[in-house]
Amino acid sequence: MARLRARHLPHRVDITPLEGEGAEGDVWGTPRTDRPAYVEQKTRLVVDQRPGSDTFGQEVEAAAFIVLLLEDDTLPRSKVKVAAGTPRERESEVIRSDRYEYPGTPSHIELFTT
């Protein structure tokens with residue numbers, strides 16, 4: 001299996017995973033900081049995968065496309081912060097998350113965020 005490596009990903013992101021819902025609302029996991037990523041901040045249409053969203057299953061506009069290593073698999077509704085510590089810093093919600101794991105190609109995670 002071909003693997004994407006951290007050296008191929010020039011950007012860094014912080015990820016706060018959504019682990020579920022509890023009696024008092026959303027339950028957030030331990031933030032993973034300074035994770036290698038490739039980030040493109042351009043809009044595109046994607047199908048919303050966020051459970052409980054008013055637009056679940058519909059096409060919505062994503063503001064960013066992010067590629068991660070397999071170990072950083074992140075589910076919809078999790079939070080991702082890009083460009084931390086810069087004037088362009090922003091935290092957004094994952095709309096769609098796809099895992100690509102194929103023999104002979106660079107396996108990776110693709111995220112689309114609000």
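Keep in mind that the numbers below use all heavy atoms, side chains included, and drop hydrogens, waters and symmetry copies.
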L4 with Y38, same ILVMFWY side-chain cluster at under 4.5 Å: yes
[atom2] on [Y] to [atom1] on [X], rounded to 0.5 Å:
| X | Y | atom1 | atom2 | answer |
| --- | --- | --- | --- | --- |
| L70 | I109 | CG | CD1 | 5.0 Å |
| D14 | K81 | CG | NZ | 5.5 Å |
| D26 | E21 | CG | CD | 5.5 Å |
| Y100 | T105 | OH | OG1 | 11.0 Å |
| K79 | T114 | NZ | OG1 | 7.0 Å |
| T16 | R77 | OG1 | CZ | 13.5 Å |

Any residue meeting side-chain hydrogen bond (donor to acceptor under 3.5 Å, both in side chains) with E110, in chain and number order, not counting sequence neighbours: H108
Working for side-chain contact (heavy atoms from CB on, under 4.5 Å), residues E93 and R50: CA-CA 9 Å; E93 186 174 313; R50 297 172 293 179; 2.9 Å; yes
Over-ring placement of R44 relative to F65, 6.0 Å and 45° cut-offs: yes
Donor + acceptor pair across side chains of T74, R32 (<3.5 Å):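 Yes, R32 and T74 have a side-chain donor paired with an acceptor closer than 3.5 Å.
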Polar side-chain atom of S78 near backbone of L18 as donor-acceptor pair, under 3.5 Å: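 Here the side-chain-to-backbone pair exists.
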Considering all heavy atoms, the nearest L69-P36 contact: CD1-CG, 3.8 Å
Worked verdict on D73 versus R99 for salt bridge (Lys or Arg N to Asp or Glu O under 4.0 Å): CA-CA 7 Å; D73 200 355; R99 182 181 181 97; 3.2 Å; yes
